[in-house]
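Quick notes on the structure that follows.
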Protein chains: 2
Amino acid sequence: MNVDKAMEKLKEEGYKYTDKRMDMLQLFKDESRYLAAKDVLEALKDKYKGLSFDTIYRNLSLFSDLGILETTELAGEKKFRFTCSTDHHHHHLICLECGKTRHIDECPMDVSPVSAEGFAVTGHKFEVYGYCNECQES
Amino acid sequence: MNVDKAMEKLKEEGYKYTDKRMDMLQLFKDESRYLAAKDVLEALKDKYKGLSFDTIYRNLSLFSDLGILETTELAGEKKFRFTCSTDHHHHHLICLECGKTRHIDECPMDVSPVSAEGFAVTGHKFEVYGYCNECQES
DNA sequence: GTATTAAATCGGAATCATTCTTATAAATTT
DNA sequence: AAATTTATAAGAATGATTCCGATTTAATAC
C-alpha cells in the first residue's frame, strides 16, 4: 500500500480528493508506525489551522474501512498504521512507546488452530509488546 | 481462586471487609465470564441503591492488582473475570456477546517465541474471538 | 467557466468509559 | 465506645470518540 494507490482507491469508491486526506496518508507513509488520532492532529495542525478531530476520525475510519489502514487498540486508544505491503496475514511486535512495529510472520492460528465445539470463531488478536531500540534509551 | 480465598487475601493485605466487595466477588464467581464495570453496577444496584461507579472501578482495580481478577480490553471497555484456577499461563477464547470464555492452553510464545534484535519484549496478547453456543442463537 | 449536487469540513456539543475530589460513613483497632 | 484508617457516595473532571447543524469544497453537468 502506498499513498497513490490509496488515493486511487478513494476515487474508485466515489470519495473525493482532498489535500487533508492526501496529507494524512503521506503522514502514515512517512511514519510507518501506529499513530493515534491526536498524533495526526498534532502533525497537521500547523498546515491546517482549524483542523477538527471530526475530520481526522472520519477519515481514519474511512481509510480503515477501505483497507488502507490497519488498526489496533492500545492503552484505551485506537491506533492506525499504513497497511503492510506484505499481502499475507501477519502480526506485529509493537513498541509501546512510539508505536513502531516489526513483522511476525508466523500466525499462531496456523501453527496450532484454536477451535472449540459449539463456539463460532470469528477472529483473533496476537500482538507482542515491548520497547524498540530508540525508546529503550530514553 | 474463589470468594473466600480472595477475601482472605484482602484481609492479609490490610484491606477491609465490606459487603460490597464480597458481593462483587460472588458475582464474578457466579458468572465466570468477562464483565464490564457497568455489568457489575447493573447486577448490584438493586441491593445497594446508591452504589457508585467509583466504588466499582476502585475495587475492580484493587482486585486486579491483587491477582484476584484477570483483565482484558475489548471494544474500548475494560473487562474483568475471576482469575482462572489453572495456575499456569494461558489464553482465552472469548465470546464477543456475553464474555464467556474457554481456555487455550497453548501459548504461542512457547510454541514459537517471538524476539527481535534490539527490541525488548515485555508482554503479549493472544485472544481468539467468536460467539458461544447460546449467543449464536440470538 | 459557471451552476448544481453530493461529499467534506468546522466548531462545538454530546456521549461514554474512567478517574479524581471532598465530605461522610463504616470497619478495625485500642 | 473512641480513635484511626479505609471505603464510599455524589458529582465534577478528564480523555477519547462521535454526533450535529451550518458552511465550504470537489466533482459533474451545462
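Atoms considered below: every heavy atom in the structure, side chains included; atoms not considered: hydrogens, waters and symmetry mates. In this text the structure is predicted, and so the values were computed from the model without any measurement. Below, chain A is the first sequence line, B the second, and so on; all start at residue 1.
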>> Could you tell me how far apart A:K45 (NZ) and C:dG11 (C1') are, to the nearest whole angstrom?
In response: 17 Å
> Atom OH of A:Y17 to atom C1' of D:dT28: distance rounded to whole Å?
Replying inline: 18 Å
> Roughly how many Å is it from CZ in A:F53 to P in D:dC20, rounded to a whole number?
Replying inline: 20 Å
> Taking only side-chain nitrogens and oxygens of B:T18, does any of them come within less than 4.0 Å of OP1 or OP2 of D:dT6?
Replying inline: no
>> Reading DNA chain C from 5' onward, which residue's closest nucleotide shows up sooner: B:K11 or B:S61?
In response: B:S61
> B:E73 has an atom CD; how far is it from atom P of D:dT17, in whole Å?
Replying inline: 11 Å
>> Between B:T55 and D:dA9, is there a contact of a side-chain N or O with OP1 or OP2 at under 4.0 Å?
In response: yes
>> What I want to check is whether an N or O donor and acceptor connect the side chain of A:K16 with the base of C:dA6 at under 3.5 Å.
In response: yes
> So which one's nearest nucleotide on DNA chain D is more toward 5', A:Y15 or A:A36?
Replying inline: A:A36
> Side chain of B:D54: nearest nucleotide among D:dT17, C:dT21, C:dC10?
Replying inline: C:dT21
>> Which nucleotide wins on minimum distance to the side chain of B:A37, given the candidates D:dA9, C:dT18, C:dG12?
In response: C:dT18
>> Apply side-chain contact (heavy atoms from CB on, under 4.5 Å) to residues A:F28 and A:V3 and explain how you reach the verdict.
In response: CA-CA 9 Å; A:F28 280 103; A:V3 177; over 6 Å; no
>> For A:Q26 and A:D30, which I'm curious about, is there any donor-acceptor pair between the side chains at under 3.5 Å?
In response: yes
> Reckon B:Y57 has a side-chain N or O less than 4.0 Å from the OP1 or OP2 of C:dT18?
Replying inline: yes
> How long is the line joining NZ of A:K78 and C1' of C:dA17, in whole Å?
Replying inline: 13 Å
> Can you check whether A:H91 reaches A:C107 side chain to side chain, under 4.5 Å on heavy atoms?
Replying inline: yes
> Hey, is the side chain of B:K38 poking within less than 4.0 Å of OP1 or OP2 on C:dA17, counting only N and O atoms?
Replying inline: yes
>> Tell me if the centroids of the rings in A:H89 and A:H124 come within less than 6.0 Å of each other.
In response: yes
>> Any heavy-atom pair between the side chains of B:F119 and A:C95 that's under 4.5 Å?
In response: yes
> Any side-chain N or O of B:K20 less than 4.0 Å from the OP1 or OP2 oxygen of C:dA25?
Replying inline: no
>> For a quick check of understanding: with a heavy-atom distance under 4.0 Å over all strands, which category does B:N59 fall into, base, sugar-phosphate or nothing?
In response: sugar-phosphate
> For B:R58 and D:dT8, is the shortest distance between a side-chain N/O and OP1 or OP2 below 4.0 Å?
Replying inline: yes
> Taking atom P of C:dA8 as reference, at what distance in whole Å does atom OH of A:Y48 sit?
Replying inline: 15 Å
>> What is the distance, to the nearest angstrom, from the CG atom on A:L60 to the P atom on C:dT9?
In response: 12 Å
> Donor-acceptor pair, A:R21 side chain versus A:F63 backbone, under 3.5 Å?
Replying inline: no
> Whole Å only: how far is the CG atom of B:D23 from the P atom of D:dA7?
Replying inline: 16 Å
> Does the side chain of A:K49 get closer than 4.0 angstrom to OP1 or OP2 of C:dG11 through an N or O atom?
Replying inline: no
